[in-house]
Amino acid sequence: MSEAAAIPRAAPLRARPVRATTEPAAVRWLLIGAALGFLGLFLVVPLVAVFLQAVQGGLRLYWASITEPAARAAIRLTLWTALIAVPVNTVFGVAAAWAIAKFEFRGKQVLTTLIDLPFSVSPVVSGLVFVLLFGRNGWLGPWLEAHHLRIIFAVPGIVLATLFVTFPFVARELIPLMQAQGTEEEEAARVLGAGGWQIFWRVTLPNIKWGLLYGIILANGRAMGEFGAVSVVSGHIRGHTNTMPLHVEILYNEYNVTAAFAVASLLAMLALVTLALKSVLQWKVARDLAAATAQSSKGPRP
Amino acid sequence: MTPMRMQWKQPSVLPGFGLTMGLTLTYLSLLVLIPLGALGLRASGMGWGEFWAAVSDPRVVASYRLSLATALAAAAVNAVFGLLVAWVLVRYRFPGKRLVDAMVDLPFALPTAVSGITLTTLYAKTGWIGAWLDKVGISVAYTPVGITVALVFIGLPFVVRTLQPALEDLERETEEAAASLGANRWQTFRRVLFPSIWPALLAGFAMALARGLGEYGSVVFISGNLPMKTEIAPLLIVSKLEQYDYAGACAIAVVLLAASFALLLSINVLQGWSRRYQITT
């Protein structure tokens, strides 16, 4: 920068110089307008529509739709499912990230790809694999039936399908962050006599807390909103195996559109909260990541 | 770090490798690998003749064709508008930009059933947008166009989020050089900028395509689900399952899985390629 400043600048040839690396203002505003128009039509209009449709029949009807027994049962089941699936996958995600980011071993790339696998499987196929294992004609079906155990068309199936689809979220968020942060701080703690859990709670966790929270938020959003996988395994038994998205489907297919949108509006609120937290956390994670990269590029590299 | 490639794992003073690795492998196997393996085994147990009969059934072929065509169309629309959105978000300043940037992830965050019923209500003949389109003779809901609209909604963030870092990494110097050599803005974009972002664009396109092939929730409501006409492949899996035709469902699923793994592989190759591209330029 200082060298560039030493070179005298050429006088502008025109009265209003056009910067060489941007477009004329008219083109800029045209492109901005086109982009915002597209986003407005495809994102904003549907979002607004959810809430307007939900309150179409008045607030009293809205309240009745989200507090009737079947809706309450669906809300309860959705919350329980997320309450099981998210912590389990969080523990797994932290363990996987610790193994992958803090150690060097063969086949690391393959393991990382396998962890991402559920993202590239169609939701319907995610449900199907559990039906094949535990369904009436499935491998373990006869054994389960003999022992009066139900997984498919019951709550355990819903939890399994949700575990499957939310499996990669936490691990995928933590692996790059922990890889960037390296192992120096943990090694220093070790040398100073700290035990494994002490290192994790005192050194690692404070470093990764925002990334961890980010992964949890995303996993929770997916766990509460999953439709395809859960729909295949649930059997749609109202009051028993209906999660909120499935309840929305049933109401909609019964032409009870206002009630369907009332329950859908709760899910849309969840989505908005997820988005808001996500954009706050994204900033914090980016800061942690930048700090880690700056640190490692300053120090001597082997 | 001494290169000890003969060993499976390099020695480390940190504890917990056995515990975390054991937990990871056990959980991964139980939850993901064994169930997916069961699907593969079930399909391979069918025998080639039966498998081929299941996947070459006209109704199944029609569903593959429809899924592929609509996913391709939606990914193409997203490639164009996703590039526009990413460009505007990276290059220009305008009021509300951070809000717009956060909104791009809405299709990720909104449960698919909610997007499904909302898009159907909007694009039905009586809906806000559908009524207006109906006047000019275009019907969207319950046609392949409707399926494409749903897939455009679902796929948009993939293209935008893949392109944004690629656009941010572009160095201004190359553009300045192009301008000083007499290129106008369009020439600079086409000859200088586009060649270095197109691997990212292609990767985003492939991700949107992969998601579109398997998408279920946002499509089932708007598609109308007429066999041979508006029945997508994932929906056909569900209806086979409802008739307890596990073998038929498996066969369709295996083809769908193979397609998405092929896409996943090409995305990985593309991303490696675009990274190399950025280093060399």
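In the text below, chain A, chain B and the rest are named by the order of the sequence lines, each starting its count at 1.
- Of all heavy-atom pairs spanning A/Ala95 and B/Leu23, the tightest one is CB-CD2, 3.6 Å.
- Listed for the A/Ser120 side chain is no donor-acceptor partner under 3.5 Å among the backbone atoms of B/Leu264.
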Problem set entry | Pair A/Phe261-B/Thr118, side chain to side chain contact (heavy atoms under 4.5 Å, CB included): steps then yes or no | CA-CA 8 Å; A/Phe261 275 103; B/Thr118 310; 3.6 Å; yes
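- Annotation: A/Phe42 is not in aromatic contact with B/Phe153 [ring centroid separation under 6.0 Å not met].
- Checking B/Ser260, B/Ser67, B/Pro234 one by one against A/Ser122, the side chain to side chain contact (heavy atoms under 4.5 Å, CB included) holds for a single residue, B/Pro234.
- B/Phe17 touches chain A through backbone and side chain together, each having a heavy atom under 4.5 Å away.
- With a 4.5 angstrom heavy-atom cutoff, A/Val94 does not touch chain B via any of its atoms.
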Exercise. Where do A/Phe103 and B/Met21 land on the side chain to side chain contact (heavy atoms under 4.5 Å, CB included) test, with the steps shown first?
Worked result: CA-CA 10 Å; A/Phe103 299 94; B/Met21 193 56 153; over 6 Å; no
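- Proximity to chain B (any heavy atom under 4.5 Å) is restricted, for A/Arg190, to the side chain, taken from C-beta onward.
- Considering only heavy atoms from C-beta on, A/Trp139 comes within 4.5 Å of B/Leu41 through its side chain.
- For A/Val50, the parts sitting under 4.5 Å from any heavy atom of chain B are the backbone and the side chain alike.
- The minimum heavy-atom distance linking B/Thr24 with A/Ala96 is given by the pair OG1-CA, 3.2 Å.
- For the side chain to side chain contact (heavy atoms under 4.5 Å, CB included) test with B/Val32, the passing option among A/Ile115, A/Val121, A/Leu117 is A/Leu117; the others fail.
- Annotation: side chain of B/Pro35 is in contact with side chain of A/Phe130 (closest heavy-atom distance under 4.5 Å).
- Heavy-atom distances place the side chain of A/Leu133, and not its backbone, under 4.5 Å from chain B.
- Counting heavy atoms from C-beta outward, A/Leu43 and B/Pro107 have side chains that approach closer than 4.5 Å.
- Most heavy-atom pairs under 4.5 Å with chain A: of the set B/Ile267, B/Asn184, B/Thr120, this distinction falls to B/Thr120.
- Ring planes of A/Phe38 and B/Phe81: parallel class, angle under 30° (limits at 30 and 60°).
- Neither the backbone nor the side chain of B/Trp186 comes within contact range of chain A; no heavy atom of the residue lies under 4.5 Å from a heavy atom of that chain.
- A heavy-atom distance below 4.5 Å is found between the side chains of B/Leu25 and A/Leu111.
- Proximity to chain B (any heavy atom under 4.5 Å) is restricted, for A/Ser231, to the side chain, taken from C-beta onward.
- The two atoms that bring A/Ile32 and B/Arg93 nearest to each other are CD1-O, 4.5 Å, heavy atoms only.
- Shortest non-hydrogen contact noted between A/Leu31 and B/Tyr92 is CD1-OH, 3.4 Å.
- Within the 4.5 angstrom heavy-atom criterion, no atom of A/Lys108 approaches chain B.
- Under the side chain to side chain contact (heavy atoms under 4.5 Å, CB included) test applied with A/Leu128, the options B/Leu241, B/Ile252, B/Val238 reduce to a single match, B/Leu241.
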For this session: Begin from the C-alpha positions of B/Tyr27 and A/Leu163 and carry the test side chain to side chain contact (heavy atoms under 4.5 Å, CB included) through to its verdict.
Result: CA-CA 11 Å; B/Tyr27 186 61; A/Leu163 279 172; 3.4 Å; yes
For this session: Report the C-alpha distance between A/Val44 and B/Met103 in whole Å, list the side-chain angles of each, state the deciding distance to 0.1 Å, and finish with yes or no for side chain to side chain contact (heavy atoms under 4.5 Å, CB included).
Result: CA-CA 8 Å; A/Val44 180; B/Met103 276 290 291; 4.0 Å; yes
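- A heavy-atom distance below 4.5 Å is found between the side chains of A/Phe167 and B/Leu28.
- For the pair A/Glu23 and B/Trp87, the minimum side-chain heavy-atom distance is below 4.5 Å.
- Between B/Leu122 and A/Pro46, the closest heavy-atom pair is CD1-CA, 3.7 Å.
- Using a 4.5 Å cut-off between heavy atoms, A/Leu218 makes no contact with chain B at all.
- No side-chain heavy atom of A/Val131 sits less than 4.5 Å from a side-chain heavy atom of B/Tyr244.
- Using cut-offs of 30° and 60° for the angle between ring planes, the A/Phe105 and B/Trp8 rings count as tilted.
- Between chain A and the residues B/Leu213, B/Leu89, B/Leu156, B/Leu119, the largest count of heavy-atom pairs under 4.5 Å involves B/Leu156.
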